Amino acid sequence: MGLTRTRVRVEGIVQGVGFRPFVHALAGRLGLAGLVGNDAGGVFVEVEGAAETVERFLEALAAEAPPLAVIERVTATPLAPTGAAGFAIAPSLAGGDRQTLVSPDTATCADCLRELADPADRRFRYPFINCTNCGPRFTIVRDVPYDRPATTMAGFEMCADCAREYRDPADRRFHAQPVCCPACGPSLRLLDRAGRSTGGDPLAGAAARLRDGAVVAVKGLGGYHLAADAGSEPAVAALRTRKHREDKPFAVMVADLDGARRLCEVGPAEEAMLASPRRPIVLLRRRAAGSGAAAGVATSVAPGNRSLGVMLPYTPLHQLLLEAVGRPIVLTSGNVSDEPIAYQDPEALDRLGGIADWFLVHDRPIHVRADDSVVRAFGGRELPLRRSRGFAPQPLGLPWPFPRHVLACGAELKHTFCLAKGGHAFLSHHIGDLENYETFRSFTEGVEHFRRLFDVDPRVVAHDLHPEYLSTKYALELDGVEHEGVQHHHAHVAACLADNGEAGPVIGVAFDGLGFGTDGTIWGGELLVADLEGFRRAGHLEQVPMPGGAAAIKEPWRMAAAWLDAAFGPSVPEHLPVMDRPRDRWEQVVALGRSGTAAPVTSSAGRLFDAVAAILGVRDAVNYEGQAAVELEQLADPGEAAAYPARVAPADDNLLRLGGTDLVRAVVADLLAGAPPPLIAARFHNGLAAATVAACDALREETGLGTVALSGGVFQNMLLLERTAAGLQANGIRVLTHSRVPPNDAGISLGQAAVAGARDRSRPVSADPWQGVPHQQVDDPGTTERGLQ
Ligand SMILES: [Zn+2]
Ligand SMILES: [Zn+2]
């Protein structure tokens, strides 16, 4: 049998994931000669041996790849055999066009957990244990190629034992860049508020203080958290007061799946999400109070909420801390109210000094701030609400090539940005609300970091149409690029299309808080006929003024005034309680709405939820965006099937109108008749869902389109999402929802990128769409994402 030699190139997430030792071991097992190495394009391999053995090698390469590897393409080229024996690991080659992908941070693997618990292991109880299959990645990478000097581990010189593991191709830690041990790696300290070290074991000290009711700041993977005993009402209440966070639910970390089950209902989909290497916060339905199982979590963890955000430990530090505390802890972002999470040491001590009693810190710097991701299950799939730590910067595979590199600047709230090239969209980690200098700086620095990591040089810059968004201003100040304005709700629908790897056209339903419309009004309850390239507004929720503009977002009772005025005119039933609470200002605000000054007109669905929440007495003012709508959903009785009727008909401009005033009149009638608010809230949800379904039916009739994409922040409301999707499906309509990016404004940048790419592809003078990128096989959308699950 003749010898063959084959050169193999492997692209995807193949560096820093143990690929070379895997190849080395595989070649050794099959008795093949050759070499393996990293370069800027990924991993290159040369194997020499019998033709059928080389064939087996190629099959096993994809089938048995290490858990964190995401293989996007394997190409094989024949070479002349050299007759050389043995299999070597070649030195890394620098330079060239960077195509390698940086892996997300990954939860501690089973092998490391076993060593962590083994008294005979030299990393027994070492809070920074990691290997090629797990540990910090994105948050410690400063530059590419991904090598120790380009990470925040650069300052830790490996001891002889670690260096041996690092150099041994047969070792699980071969070229694991963050490899370390108690002798050479980072260490913990427990500090008081003044920054003075306490004596004793820092972990045991922190755990004891948590059990005593203290608030402890814990430096984690992507930033500082604030921790407190989740079962202690005084501890959680103190954390709330000091953090100036009145109502927004806190997330809880439990030791394991059983711990999660003690607090919440955990189905198979939830279990998979909780235990996945991404370890997001998973929103779970709480067990009914009184079942005895709800014990262990103080009321003020998630006041009035049927759900609880739960996560499992994802670093060895969290693992050890949870074991030592022995019960669930609140683990919430280390910040004051809406500031970005603290991640740099002196700054954290300074900013969190008024909140935390103690600081559990370590000396491994965090290069990129990464908040915990938040997901929930919908229809057996993952529905992301915040896609950050554990997900970013893993690219989203898209089935269409971007002709030129794209930067999409996103919107404003829950901000993300997105870079795109080839068939990849690199959606950023969660940046936050782009309303202050610090988040804006995170955005601009993040763009530069991503450009360097993924070697993207944007020629097309996409942005929202809102002229006052900082992201729009940033985009328009960039010179020498082509600008592409993308309407906010078109971007939502495009994000949903891209999420599903589809190009449309579809009927798009985009319900959210606010977005700048093409007619200068504020949109937010939109029915679009859209594909990736363009859209036509086909209908929307009835419009009302927002009396006082931005003030109406913070004070839902103002939206109640506007909607009641629209529904009843001067003959509003006198004795509605909502009108009593701001009695001295009610008439004034109604008049402000009618005046047309300082009262921009909106078709926002989010603002209609606010109005109904205020009418039902849920709340007059909010402490965080969307709070009234969230609480209205919590109030609604999910067992109620009745729906308020709402007209759906074309107006003078031929666009469909969804009759929000009908819904408001029905709410008021039921309220005056003494119906319980949970039933009214449910009938309102059901009525809006039914009106949406009717509108989609009418648009299907008109356009022949049988698919509806549901997007926008209002579709984080599970009751509305479930009722709308079920109604559409019952009518034989295909429904697209989100599973890779959030339906809220965090998904906007992906939508903008997808629109910019589609418009670029359709340009008549478009060059070769694959120019500048290696011709790669187009992957099934979602393949790269699913690779880790
Ligand atoms: Zn590991
Ligand atoms: Zn060491």
Side-chain angles (χ1 to χ4, degrees), residues 13-25 64-70 102-141 146-149 151-189 220-222 255-256 274-280 311-323 362-365 370 389-391 394 787-789:
I13 300 183
V14 289
Q15 292 187 5
V17 294
F19 211 85
R20 286 174 299 171
F22 155 68
V23 170
H24 186 270
E64 298 171 21
L68 295 190
V70 181
V102 174
S103 151
D105 302 287
T106 303
T108 319
C109 74
D111 288 331
C112 285
L113 285 178
R114 198 161 39 243
E115 291 169 353
L116 187 67
D118 177 4
D121 194 273
R122 67 191 190 89
R123 294 187 180 85
F124 175 56
R125 296 186 57 77
Y126 181 55
F128 303 93
I129 186 171
N130 67 80
C131 72
T132 39
N133 299 327
C134 73
R137 294 289 187 278
F138 174 58
T139 51
I140 63 164
V141 173
Y146 174 65
D147 254 328
R148 192 174 179 105
T151 72
T152 64
M153 285 299 291
F156 297 93
E157 201 182 328
M158 274 183 256
C159 69
D161 287 337
C162 286
R164 187 177 36 71
E165 292 168 335
Y166 182 86
R167 280 195 230 100
D168 178 3
D171 195 278
R172 196 171 94 249
R173 294 192 169 84
F174 176 68
H175 275 244
Q177 303 306 340
V179 70
C180 58
C181 75
C184 66
S187 55
L188 286 178
R189 283 190 307 155
L221 197 51
D256 49 28
L274 279 168
S276 91
R278 303 182 187 285
R279 293 289 155 94
M311 61 181 148
L312 301 188
Y314 51 87
T315 69
L317 168 56
H318 294 127
Q319 183 75 30
L320 294 170
L321 186 63
L322 264 287
E323 281 169 16
H362 60 74
D363 51 353
R364 185 180 71 207
R389 194 251 318 140
F391 290 80
Q394 191 169 343
L788 264 180
Q789 294 172 356

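Both ligands and their constituent atoms are indexed starting at 1 by order of listing. Note that the coordinates shown come from a computational prediction; the quantities given were computed from them, not determined experimentally.
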Are the side chains of Phe19 and Pro66 in contact, using a 4.5 Å heavy-atom criterion? yes
Taking all heavy atoms of Phe128 and all of His362, pick out the closest pair and write down the distance. CZ-CB, 3.3 Å
The side chain to side chain donor-acceptor pair (under 3.5 Å) partner of Glu115 among Arg122, Arg172, Arg123 is Arg172
Atom CZ of Arg148: over 12 foreign heavy atoms under 6.0 Å: yes
Glu64, CD: over 12 other non-hydrogen atoms inside 6.0 angstrom: yes
Listing residue and atom name, which protein N/O/S atoms are closer to the Zn ion (ligand 1) than 2.8 Å? Cys109 SG, Cys112 SG, Cys131 SG, Cys134 SG
Under 2.8 Å: N/O/S of Cys180 next to the Zn ion (ligand 2): no
Classify the ring geometry between His175 and Tyr166 as parallel (under 30°), tilted (30 to 60°) or perpendicular (over 60°). parallel
With rounding to 10 degrees, Cys159 SG, the Zn ion (ligand 2) and Cys184 SG define an angle of 120°
Does a side-chain heavy-atom distance below 4.5 Å link Asp363 with Phe156? yes
